[in-house]
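In what follows, chains are A, B, ... by sequence order, proteins preceding strands, each numbered from 1. Here the structure is a predicted model, which means the values were calculated and not measured.
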Number of protein chains: 2
Amino acid sequence: MLIHHAKQSDIWSHELSIPVLALDVVIFTIYKDQLCVLLTKSQNNCTNWFSLPGSIVSKWYTLNEVFDETLKRKTGITGVYKEQLCTFGDNVARDPRGHVISLAYYALVKSEDFLNQVDYTQVDIVPIVDALKLRLFYEHDKILIYALERLKGKLGYTDIVKVLLAEQFRISQMQEMYEIILGRKLDKRNFQKKIFSLKIICETWKKDTSTNRPAKLYQFENKRIKVIDML
Amino acid sequence: MLIHHAKQSDIWSHELSIPVLALDVVIFTIYKDQLCVLLTKSQNNCTNWFSLPGSIVSKWYTLNEVFDETLKRKTGITGVYKEQLCTFGDNVARDPRGHVISLAYYALVKSEDFLNQVDYTQVDIVPIVDALKLRLFYEHDKILIYALERLKGKLGYTDIVKVLLAEQFRISQMQEMYEIILGRKLDKRNFQKKIFSLKIICETWKKDTSTNRPAKLYQFENKRIKVIDML
DNA sequence: ACAAAAGTGTTCCCCTTACACCCATGT
DNA sequence: ACATGGGTGTAAGGGGAACACTTTTGT
């Protein structure tokens with residue numbers, strides 16, 4: 001854990017006149033056709049309490065490094081799509097150890113990339129609908145709500161959905177991703193018309209024969225995330 | 001200055017294992033029909049160098065308190081519209097004194113509320129088009145560009161423009177605010193049609209006789225900032 | 001009279017939405 | 001044969017963009 005780079009004693013020292021900065025991550029993934037988040041479990045007199053994975057930002061580490069380290073520690077992977085959300089610092093007493101300001105990120109990862117590397121004694125994969133009902137440590141409830149809104153918004157004006165799809169995919173799989181994250185059904189014909197008109201995906205001339213009627217496989221024209229009116 | 005709440009010696013100490021958090025503010029205002037920002041001047045071997053107004057976040061102060069203090073110090077006013085932008089922390093060496101992470105806000109203020117309270121030896125009011133060409137200290141160039149984009153975006157889906165207008169105003173004054181900030185002309189008829197259809201402003205039945213042909217005066221239905229499709 | 005800004009409607013186009021049936025394959 | 005998901009087109013409505021002339025006042 002990053003916190004070891006710092007001397008614990010001085011981080012929480014009463015002498016120290018500046019607050020500690022923590023970096024907390026909402027790790028989103030699609031698991032069993034549901035939008036889920038990774039939560040850290042803490043045992044607290046026999047009941048589970050949850051919080052978001054996070055690290056203290058130590059001196060001379062960039063935020064990207066701290067993010068990578070946090071994600072790696074919980075999932076074993078790096079190089080995922082991430083976005084900074086915002087900084088929560090108006091509840092100075094939220095952490096009993098001292099004044100902590102929390103910088104929130106979200107990450108978007110494919111569950112198949114990390115599922116077998118997770119230590120399930122430390123981490124739970126929780127459907128977002130359930131996570132939103134939990135009381136989380138610190139102000140992590142707020143962060144979760146905010147992260148979900150941002151993710152939904154981002155789907156509408158960028159092609160980030162590509163980070164959740166395989167290299168090649170059925171158009172219906174792409175639509176499913178939208179439906180799962182947005183939490184509502186979309187019209188099949190209108191969806192296809194829109195996506196094709198954007199010219200962001202192209203046919204591969206291969207077929208996916210895993211369903212009954214074989215389906216065309218598509219791939220994105222390029223890997224870079226584009227800002228573009230999707231919905 | 002807030003920095004005095006902290007012991008300078010330990011903030012910049014090499015022993016200290018956490019970075020310092022600074023809060024920097026892009027203070028936007030309309031001045032002489034131009035969108036401007038307030039920049040702090042520093043004398044550096046006979047040439048002016050500029051940076052954004054900012055403060056170190058001291059322990060046990062909320063971000064709101066630090067923001068208020070920073071704004072008050074530069075403009076003498078409080079209680080303005082503000083929005084958090086983002087946190088810059090990937091250039092660990094940007095400040096020669098040590099590792100500083102910068103949390104950026106922007107503020108939107110009426111110039112007539114503070115013009116006579118500014119100490120012009122410390123602060124300049126700079127048109128945004130000029131400010132964008134300046135080389136600012138730290139990563140403040142980036143913050144400026146980002147702040148402007150966010151402000152423009154926000155005009156399109158909220159009624160924040162109300163914080164820049166007088167209690168009562170001509171519809172053309174409202175349009176001018178949009179044109180100044182967006183940096184482009186809008187169609188008069190389409191603008192009015194849109195604004196009236198939103199039912200966010202109402203007639204006051206007063207006239208502004210300061211122009212040639214007297215104009216109707218309007219006011220906003222309420223003071224709360226609304227999320228609403230404006231443009 | 002002239003200058004300056006206020007006030008006011010219509011048309012066109014595009015994008016969104018709603019909606020239903022046939023097709024290719026596996027079992 | 002039947003079940004499953006794939007594939008396809010059209011019509012109606014709403015919102016945005018383009019566009020010019022008359023009115024009211026001050027000078």
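- Summarising the geometry, the separation between CZ on Phe191(A) and C1' on dT16(C) is reported as 15 Å, rounded to the nearest angstrom.
- For Asp229(B), counting side-chain heavy atoms from C-beta on, the closest listed nucleotide (dG6(D), dC19(D), dG16(D)) is dG16(D).
- No side-chain heavy atom of Ile201(B) sits under 4.5 Å from any side-chain heavy atom of Gln219(B).
- One finds no salt bridge joining Asp159(A) and Lys226(A) here, because no Lys/Arg side-chain nitrogen approaches an Asp/Glu carboxylate oxygen to under 4.0 Å.
- In this structure, the CD1 atom of Ile195(A) is 14 Å from the C1' atom of dC15(C), given to the nearest Å.
- Here the side chain of Asn212(A) is nearest to one of dG9(D), dG7(C), dG26(C), namely dG26(C).
- Each of Thr211(B) and Leu231(B) has a nearest nucleotide on DNA chain D; the 5'-most of these lies closest to Leu231(B).
- Side-chain N/O atoms of Ser172(A) include one lying less than 4.0 angstrom from OP1 or OP2 on dG6(D).
- Which of dA20(D), dA3(C), dG9(D) sits closest to the side chain of Arg189(B) comes down to dA20(D).
- Distance, Asp33(A) CG to dG5(D) P: 12 Å, rounded to whole Å.
- The residues Glu69(A) and Lys72(A) are annotated as not salt-bridged, no charged nitrogen and carboxylate oxygen being separated by less than 4.0 angstrom.
- Across all strands, Lys216(A) comes closer than 4.0 Å only to sugar-phosphate atoms, never to a base (heavy-atom distances).
- Nearest nucleotide to the side chain of Arg213(A), out of dA6(C), dA18(D), dC23(C): dC23(C).
- With the nearest nucleotide of DNA chain D identified for both Lys194(B) and Pro214(A), Pro214(A) has the one nearer the 5' end.
- Summarising the geometry, atom CD belonging to Glu176(A) is positioned 11.0 Å from atom CG belonging to Leu186(A); distances are rounded to the nearest 0.5 Å.
- You'll find that the side chain of Lys188(B) is closest to dG7(C), out of dA18(C), dG9(C), dG7(C).
- Residue-level contact check: Thr209(A) touches neither bases nor backbone, having no heavy atom under 4.0 Å from any strand.
- Put simply, CD on Gln173(A) is 19 Å from P on dT4(D), counting in whole angstrom units.
- Nucleotide dG26(D) holds its P atom 12 Å from the CG atom of Asp208(B), rounded to whole Å.
- Following rounding to the nearest Å, Gln175(B) (CD) and dA6(C) (C1') show an atom-to-atom distance of 12 Å.
- One finds no salt bridge joining Lys154(A) and Glu149(A) here, because no Lys/Arg side-chain nitrogen approaches an Asp/Glu carboxylate oxygen to under 4.0 Å.
- We find that CG of Leu186(A) is positioned 17 Å from C1' of dG6(D), with the value rounded to whole Å.
- A donor and an acceptor atom never sit less than 3.5 Å apart when one is taken from the side chain of Lys207(B) and the other from the base of dT25(D).
- Arg170(B) has its CZ atom 18 Å from the P atom of dT24(D), to the nearest Å.
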